[in-house]
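Owing to the predicted nature of the structure, the values given are computational and were not obtained by experimental measurement.
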Amino acid sequence: MAVAAQTGTKAAVRPGSYGGPSWQPRHATHASDVQVGRLWRPCGTDSEVATLREVLLAWPGDELSFTGDPDQQLMLRAIDLGKIRQQASALAEIYRASGVVVHFHSASVRPPPNFIFMRDLFFMTPEGAVLGRMASEQRSGEERHAAEALAKLGVPLLMTPRADARLEGADALWLDSKTVLVGIGNRTNAAGHAQLAILLRSLGVETVTVTLSRDVQHLLGAVVLLDRDLAAVRRGSEGPEISSILEARGYRCVVFDDDDEMNERRAMNIVTLAPRRIVMPAGCPRARSRFEQAGVSCIECDVSEYIGAGGALGCLTGILRRDSGS
């Protein structure tokens, strides 16, 4: 834009729109904007175990009343819509009683049925969310609904995977405030990790990768962090690589047997509420005893309908905010 014309011997005052006296330069960083909550919703995490403050859940909608073969929808059986809604409400009350703010999202356009599993759809950083890009055709498009939910809350979206990248939030875990463990396997590929790693590097965070076997659907199914120095790992799926990574960073690993509680009742599909405090699926007495022997307090919740849909507590809970793990 041309400089304002001269009038006599005095220059005309430049409008603020063109950089004049009314123009106010911006000094705050994006990180401080998020932390203060002035422009964005206060959100973010750099930990899997710091006190949980805010979550995003998908309200079970009519999309779960689909007809046809449940297997074609990546579900184990038909879902009782009334019952799963009761379970969603009960879980929300457990979170609220633990001081966690709960947001339920109902998509404006009917999403695929698996949209109930929010953890897969984004990965939270200290400065906002990384959107997932789902590995299966049946779940393609859920990302748009997740973006709608996050944007509605005022959560910044830092990255959307591109090209042939596949990235699911349950394949990325904060080992500490400067390290994220990423599982590469059925759901997240090398391209998805590479794009995530670039973003995290700009935040001063490194990534460590582990290759998951075909029997492991998500990294979260092989390992769950319970405290800064305590992890639960699933026997037969954790592999020596994961255990050695954890132990090298000071974690003690509590190994859980690959039994009916793991396979049928999703005993390790949990959410850590605070260090050594979890909410876990009901009906897993052996796993609960194992947790408690390790010094972990447990709250049980019936999520049988979610299990019928192919997931449980860890899968359905989108993490929006935790206390800093630093």
Next item on the list: Let me see the working for His193 and Thr207 under side chain to side chain donor-acceptor pair (under 3.5 Å), right down to the final yes or no.
Entry: CA-CA 9 Å; His193 162 255; Thr207 60; 2.9 Å; yes
Item checked: Minimum heavy-atom distance Ala147-Leu157, with the two atoms named ->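 It is CB-CD1, 3.8 Å.
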Checklist line | Steps toward salt bridge (charged side-chain N to carboxylate O under 4.0 Å, His left out) verdict (Glu261, Arg290) | finding: CA-CA 12 Å; Glu261 289 189 356; Arg290 191 85 172 96; over 6 Å; no
Hey, does [Y] have a side-chain heavy atom less than 4.5 Å from the side chain of [X]?
{"X": "Ile319", "Y": "Arg322", "result": "yes"}
{"X": "His103", "Y": "Leu153", "result": "yes"}
{"X": "Arg166", "Y": "Thr188", "result": "no"}
{"X": "Phe122", "Y": "Val130", "result": "no"}
{"X": "Gln195", "Y": "Pro161", "result": "yes"}
{"X": "Leu212", "Y": "Leu219", "result": "yes"}
{"X": "Leu64", "Y": "Met75", "result": "yes"}

Report whether [X] and [Y] are members of the same hydrophobic cluster (ILVMFWY, side-chain heavy atoms less than 4.5 Å apart, transitive linking).
{"X": "Leu316", "Y": "Met134", "answer": "no"}
{"X": "Tyr306", "Y": "Met118", "answer": "no"}
{"X": "Val55", "Y": "Ile270", "answer": "no"}
{"X": "Val216", "Y": "Leu246", "answer": "yes"}
{"X": "Leu91", "Y": "Leu81", "answer": "yes"}

Donor-acceptor under 3.5 Å ([X] side chain, [Y] main chain):
{"X": "Arg139", "Y": "Asn114", "result": "yes"}
{"X": "Ser32", "Y": "Thr29", "result": "yes"}
{"X": "Ser98", "Y": "Val100", "result": "no"}
{"X": "Asp164", "Y": "Ala191", "result": "no"}
{"X": "Thr179", "Y": "Leu175", "result": "no"}
{"X": "Asp257", "Y": "Asp259", "result": "no"}
{"X": "Glu168", "Y": "Leu121", "result": "no"}
{"X": "Arg265", "Y": "Met262", "result": "no"}

Next item on the list: Using the six-membered ring wherever Trp is involved, compare the ring planes of His30 and Trp40 and label them parallel, tilted or perpendicular (cut-offs 30° and 60°).
Entry: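 Ring orientation, 0 to 90° scale: perpendicular.
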Next item on the list: Could you list all the ring-ring contact (aromatic ring centres under 6.0 Å, His included) pairs where at least one residue sits in residues 59-81, not counting sequence neighbours?
Entry: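 The answer is Trp59-Phe104.
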Next item on the list: Could you walk me through whether Leu56 and His105 pass side-chain contact (heavy atoms from CB on, under 4.5 Å), step by step?
Entry: CA-CA 7 Å; Leu56 175 61; His105 178 73; 4.0 Å; yes
Next item on the list: Any chance you could lay out the side-chain contact (heavy atoms from CB on, under 4.5 Å) test for Val208 and Val180, step after step, and finish with the verdict?
Entry: CA-CA 6 Å; Val208 178; Val180 172; over 6 Å; no
Notebook entry, point to check: Which is it for Arg286 and Asp260 under the side-chain contact (heavy atoms from CB on, under 4.5 Å) test, yes or no, and what are the steps along the way?
Noted result: CA-CA 10 Å; Arg286 293 189 303 277; Asp260 62 310; 2.5 Å; yes
Notebook entry, point to check: Per the side-chain hydrogen bond (donor to acceptor under 3.5 Å, both in side chains) rule, which among Gln87, Arg77, Arg85, Gln86 passes with Glu305?
Noted result: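 Single side-chain hydrogen bond (donor to acceptor under 3.5 Å, both in side chains) partner of Glu305 among Gln87, Arg77, Arg85, Gln86: Arg77.
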Item checked: Member of Asp229, Val223, Asp227 meeting the side chain to side chain contact (heavy atoms under 4.5 Å, CB included) criterion with Leu225 ->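 Among the candidates, only Val223 passes.
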Note to self: Testing Thr45, Thr51, Leu52 one by one against Asp323 for a side chain to side chain contact (heavy atoms under 4.5 Å, CB included), which residue passes?
What the structure shows: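 Of the listed residues Thr45, Thr51, Leu52, the side chain to side chain contact (heavy atoms under 4.5 Å, CB included) partner of Asp323 is Thr51.
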To the nearest 0.5 Å, what is the distance between [atom1] on [X] and [atom2] on [Y]?
{"X": "Glu127", "Y": "Leu199", "atom1": "CD", "atom2": "CG", "value": "8.5 Å"}
{"X": "Arg288", "Y": "Glu300", "atom1": "CZ", "atom2": "CD", "value": "4.5 Å"}
{"X": "Ile184", "Y": "Thr209", "atom1": "CD1", "atom2": "OG1", "value": "4.5 Å"}
{"X": "Asp120", "Y": "Glu142", "atom1": "CG", "atom2": "CD", "value": "8.0 Å"}
{"X": "Ile245", "Y": "Cys253", "atom1": "CD1", "atom2": "SG", "value": "10.5 Å"}
{"X": "Cys43", "Y": "Glu54", "atom1": "SG", "atom2": "CD", "value": "8.0 Å"}

Check: Under the side chain to side chain donor-acceptor pair (under 3.5 Å) criterion, do Ser108 and Glu148 qualify, and how do the steps go?
Finding: CA-CA 9 Å; Ser108 60; Glu148 175 191 25; 2.7 Å; yes
Note to self: For the CZ atom on Arg144, are there more than 12 heavy atoms of other groups (residues, nucleotides or ligands in this structure) within a distance under 6.0 Å?
What the structure shows: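 Check fails, neighbour count at 12 or below.
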Next item on the list: Mind running salt bridge (charged side-chain N to carboxylate O under 4.0 Å, His left out) on Asp46 and Arg228 for me, showing each step along the way?
Entry: CA-CA 12 Å; Asp46 58 3; Arg228 293 184 181 185; over 6 Å; no
Notebook entry, point to check: Do Ser243 and Tyr251 have side-chain atoms, one donor and one acceptor, less than 3.5 Å apart?
Noted result: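 The answer is no; no qualifying pair exists.
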Next item on the list: Take Asp62 and Arg110 through the test salt bridge (charged side-chain N to carboxylate O under 4.0 Å, His left out) and record every step on the way to the result.
Entry: CA-CA 8 Å; Asp62 292 341; Arg110 184 168 174 153; 5.7 Å; no
Item checked: Worked check of salt bridge (charged side-chain N to carboxylate O under 4.0 Å, His left out) between Arg234 and Asp215 -> CA-CA 12 Å; Arg234 182 173 175 175; Asp215 294 333; over 6 Å; no
